[in-house]
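To find a chain, count down the sequence lines: A is the first, B the second, and so on, and within it residues start at 1.
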Amino acid sequence: MRFYLTTAIDYVNSRPHLGTAYEKITADVIARYKRLAGVETHFVMGNDEHSQNVFRKARELGEDPLAYCDRMEGEFRDVWARLTVSFDDFIRTTEPRHRIAVQHLAQRCLEAGDVYEGDYEGWYCVSCEAFKQEKDLVDGLCPIHQRRPDWIREKNHFFRLSRYRDRLLAHFEQHPEFLMPEVRRNEIVRLLEAGLDDISISRAGQAWGIPLPFDEASAVYVWFDALINYVSAVGYGSDPQLFARWWPAGLHVIGKDITRFHCVVWPAMLMSAGLDLPTQVFGHGFVTFKGQKMSKTLGTVVDPLDAADRLGPDPLRLFLVKEIPYGSDGDFSWERFEERYNADLANNLGNLVSRVTTMVERYGGGRVQPKGAPWRLAGVAADALASYRRAMDQLALHEGASAAFRLINATNEFIAESEPWVLARRSDTGAELAQVLYDAAEAVRVAALLLLPIMPISCAEILRRVGEATQVDDLRLDRDGAWRTGAARSLVRADPLWPRLEGDRVGLIPATRAASRTEHVVTEPLNPPAPPPPAPAPERPSVPAPAPAPVVAAPTQATERISIDDFMKIDLRVAKVIEAERVPKSKKLVKMRIDLGTEHRTLVAGIAEAYEPDALIGRTVVIVANLRPAVLMGIESNGMVLAASPEGGAPALLTFDTPPAPGTRVR
RNA sequence: GCCGGAGUAGCUCAGCCGGUUAGAGCGAGCGUCUCAUAAGCGCUAGGUCGGCGGUUCGAGUCCGCCCUCCGGCACCA
């Protein structure tokens, strides 16, 4: 039995945060579980490096892009090592083996007739710097600039994704386990039913990326490039033997935001190239911090190393696995983390190890040996093992952890009810005492075995203390998970594994290390970031560009420092709202007529959820006056109203103590 | 707006095909043993199972409508 497991590869424009670590940790638990279950496992992670952001970031830092990526690899590997993520291989998209695979696969898609050169022809408005669809034009003119767009062509390669809709739907029908959890599957199936458009897979004239084999002037689009890591890492196009050994993958562990890429685009690419599809894709949820999305600007990013330093990597791993139903979103807070640490580790498991080893030392001379039939704990352990396996096989990692803890709790109960200290005082209960101590030690051994994939370091130590003779890596669930009888074992008493936290713990939380560690990565602005720059390259309108979503959850965009000159390019003006009305059929859009002092303009703002149009009339606001016009819901918007936009919250307009005259420059 | 998901004890959540007094863990309170990290063990929660109506002998558990929250898409310039 073989099992090839992957996680999403990560963008390298910032250090991994807790959410990224969550994915790797849960995947690592799965990998370790499979190995423990005797399955030959190949676990691969990596970095996604061919992004323009990475290129820009390196340039900003005055570094060679590749050198920058090398450095980031080191940072990522350090984090994964600290969290004991046991990957077997680490793939980078700048590696030769990856380039070979990408070009190979692109070539196969081309040969399958699925890649066509879309030297797309279309209307292009020079003023807008954007393609226009026929339906956008009014009397053949750009509605914004009242000028005739040019008919131009831009070379682009497209992948015939549309061709695979039916096959994908059929696959989903025949293999309901292909995408888990179910919520994600429903979303994708609906998306497929709605139909698919072909997608662009190349960008012309980009140096940072992999050239298309049949058009060296075009680079493979970064997400197309990135997905291929799953096969390049196992030798596709470069090592046929290795490839045959591991492909198809048993499981891709990814974030729920990128299921489309993995369950629509990726399988279609594989079908086109004549490769088997992975058995399963699992879209895990996100980890929030105190209920809020982790965001640099909100200061809600938790560095996984801070968490690991605080209580240890194993407690962090247990927390993430046991407290968050795998597949759902979950929340992290220091309070909760410490609460769980005390309850599960200090009070239950850790204390159990202490009391058992102490009693064995005191009442049994440090050795245990059964003197009869096992008591009730043997049955509990067998049940725990069974439900643990059932849960883990279904990727219900949290239930697997709970099953192990049921055994731990039962062992504590067992000790209370069998009262070894009473048995030890009597002279006629030697056999009973021996059996009770043996059973308790054996139950701890089984529990530690079950938790070994989740807490590898600590559980290895527990196994050592309860006299497990087998090397940790050689332990196997079916053989070693069974209740042992007969042989005597020596136990070791040692310091508490997880000292209980007392008192005002939260105050001791280390200052987030993000600041000290990321100075070379991000400089935080004091204020919310400026609105994003205008959309970069024009896209073929009839063939929507793939969402900019990378193959990992996009890290919060780093806001780069700009010069005063750059800032002065932005023309901020005071404006007064003269008319405001809801854009019909829209959820957030308000259409406004504003007074800029010298002129009146129409613009559209996405603030309807927070402001009633009527309440806006007469109000003084700040707008970006020199923004390119855009058409929203058929309305031309000439400018952007500034508002604070909290993550997931309602926007709040900028206001003045005393409204200045319309047209006043803001800076 | 469309399409999904969810609303169950203070908190986090279980509750399969409808069926006796609705559960677990944490927290809190009380009691208790003493091997243990002032840990363990036992007891204690009287919760309109979001609301209204319906099907049924009987509904968190099925149906309809409504409310709230979350996610995806559409429209955040």
Side-chain angles (χ1 to χ4, degrees), chain A residues 181-191 193-194 256-257 259-260 283 285-286 288 291 322-325 327-331 333 335-336 339-340 342-364 398-399 402 405-406 408-425 433 436-437 440 493 495-502 531-535 547 583-591 603-610 623-624 627-643 645 648 651:
Chain A
E182 204 176 331
V183 202
R184 305 270 86 85
R185 181 163 70 240
N186 293 341
E187 273 173 25
I188 296 298
V189 168
R190 269 179 270 120
L191 190 125
E193 284 166 353
K256 64 181 184 179
D257 55 330
T259 50
R260 294 173 67 144
F286 294 146
T288 54
K322 183 163 178 276
E323 287 310 295
I324 304 174
S328 310
D329 290 347
D331 192 54
S333 73
E335 294 83 349
R336 188 103 185 139
E339 235 173 66
R340 299 312 316 171
N342 265 356
D344 288 334
L345 295 176
N347 295 354
N348 282 323
L349 180 53
N351 183 235
L352 175 62
V353 172
S354 293
R355 65 196 304 210
V356 168
T357 51
T358 301
M359 283 192 289
V360 168
E361 185 179 80
R362 187 179 301 184
Y363 306 141
H398 56 296
E399 288 179 18
S402 295
F405 272 87
R406 278 200 299 280
I408 291 162
N409 292 333
T411 307
N412 270 323
E413 288 166 27
F414 172 78
I415 292 172
E417 76 198 20
S418 53
E419 300 183 301
W421 49 92
V422 173
L423 299 176
R425 279 187 225 119
L433 175 62
V436 166
L437 292 180
R493 191 157 81 102
D495 288 342
L497 288 159
W498 299 287
R500 193 180 149 80
L501 298 170
E502 304 289 355
V583 175
K585 282 171 54 184
S586 82
K587 185 175 168 186
K588 315 183 179 180
L589 301 186
V590 178
K591 174 184 172 186
L603 56 79
V604 177
I607 55 171
E609 286 176 311
I623 72 159
V624 182
L627 214 51
R628 275 188 205 106
V631 177
L632 293 167
M633 296 290 284
I635 300 162
E636 177 192 322
S637 179
N638 284 284
M640 181 170 90
V641 175
L642 295 188
S645 308

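The listed nucleotides are G71(B), G40(B), C35(B); the one nearest the side chain of M359(A) is C35(B). When distances are taken from the side chain of R340(A) to each of G4(B), C33(B), G25(B), the shortest belongs to G25(B).
Summarising the geometry, the separation between CG on L497(A) and C1' on A36(B) is reported as 13 Å, rounded to the nearest angstrom. E417(A) has its CD atom 12 Å from the P atom of C43(B), to the nearest Å. If you take CG of L642(A) and P of C76(B), they are 17 Å apart, rounded to a whole angstrom. Atom-to-atom, CD of E182(A) to C1' of G71(B) comes out at 15 Å; the value is rounded to the nearest Å. Across the protein-nucleic acid pair, E339(A) atom CD and U12(B) atom P stand 11 Å apart, rounded to whole Å. Rounded to whole Å, atom P of A77(B) lies 9 Å from atom CD1 of I607(A). With rounding to whole Å, E187(A) atom CD is found 13 Å from A74(B) atom P.
With both ends at atom C1', the span from C70(B) to G31(B) equals 43 Å, rounded to whole Å. Remark: the separation of the P atoms in G58(B) and G53(B) is 16 Å, to the nearest Å.
The shortest distance between the side-chain N/O atoms of R425(A) and the OP1/OP2 oxygens of U34(B) is below 4.0 Å. Between R500(A) and A39(B) there is a side-chain polar atom (N or O) within less than 4.0 angstrom of OP1 or OP2. Side-chain nitrogen and oxygen atoms of R362(A) include at least one within less than 4.0 Å of the OP1 or OP2 phosphate oxygen of A36(B).
Listed for the N348(A) side chain is a donor-acceptor partner under 3.5 Å among the backbone atoms of A343(A).
Residues R260(A) and I188(A) are in side-chain contact: their nearest non-hydrogen atoms beyond the backbone lie under 4.5 Å apart.
The glycosidic torsion of G31(B) lies more than 90° away from 0, placing the base in the anti range.
Secondary-structure stems of RNA chain B, taken as three or more successive Watson-Crick or G-U wobble pairs (i with j, i+1 with j-1) under a 3.5 Å distance threshold, comprise B:1-7 with B:67-73, B:10-13 with B:23-26, B:28-32 with B:40-44, B:50-54 with B:62-66.
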